[in-house]
Amino acid sequence: MTVKELLITVYREVGVLESLERQRAMLFEDNTGLKAIRYDSDKVSGGRQTDLSVVIEQIEQKQAKIEELISRQKERVTNHRLTAYIALEGVEDSRWKSAMQEHYLYGVPWSKVADNMDYDKDWVRKRVYATIKELDQTHPVSPTQKVVK
């Protein structure tokens, strides 16, 4: 596995984690937004009649499943980040090392990374890509550093 592949893997895994956390938040909103049945309103024909407790139970089951997925994903992200930190030890210029960590390990957009550094976004990306290429040639990820999937 190259350093570039490792960093892209970490970036994607962080994205998956963020997506799962958004799903958890939506389920929480679903659970808190439930309303009681209004008996004075017109009845809708068709479909099946369910009790509110069944709906709540289904939402709680989905929440438990999401929590389990988030836990596993956090472990995966942690393992990937640890491997990436070890791989990035070969970067001599702390500016580009920091830029790589912010973007790939924490999902910060390039525009924000560039703003934090007071540089142009395209120039930062170009320098980071050159640094990654250099790193792949001088300090490839060893087989013992491969990420556990």
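When a residue number appears, it is its place in the shown sequence, counting from 1. Since this is a predicted model, take the numbers as computed values, not measurements.
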| Least distance between heavy atoms, K121 atom then A114 atom | CA-CB, 3.5 Å
| task | Over all heavy atoms of both residues, which pair between H80 and L6 is shortest? Give the atoms and the distance, please. | result | O-CD1, 4.2 Å
| Nearest atoms (heavy-atom pairs only) where M100 meets L88 | SD-CD2, 3.8 Å
| Nearest-0.5 Å distance, OG of residue S71 to CD1 of residue I66 | 12.5 Å
| said: Can you confirm whether E92 is buried at CD, in the sense that more than 12 heavy atoms of other residues, nucleotides or ligands lie under 6.0 Å from that atom? | reply: no
| task | Answer yes or no: is there an ion pair linking D122 with R125, defined by an N-O contact shorter than 4.0 Å? | result | yes
| remark: Of all heavy-atom pairs linking E67 and R24, the shortest is OE2-CD, 2.6 Å
| query | Are Y119 and R127 close enough, and set up right, to give a side-chain hydrogen bond (donor to acceptor under 3.5 Å, both in side chains), and what steps lead you there? | reply | CA-CA 11 Å; Y119 290 125; R127 286 299 310 140; over 6 Å; no
| field | Sub-4.5 Å side-chain heavy-atom contact between V128 and I132 | value | yes
| Which distance, rounded to the nearest 0.5 Å, do you find between the CH2 of W96 and the CG of L135? | 15.0 Å
| Flag if over 12 foreign heavy atoms under 6.0 Å of CZ, R95 | yes
| What is the ring orientation for W110 with Y129, classed by angle as parallel under 30°, tilted 30 to 60°, or perpendicular over 60°? | perpendicular
| query | Side chains of Q23 and L20: closer than 4.5 Å at any heavy-atom pair? | reply | yes
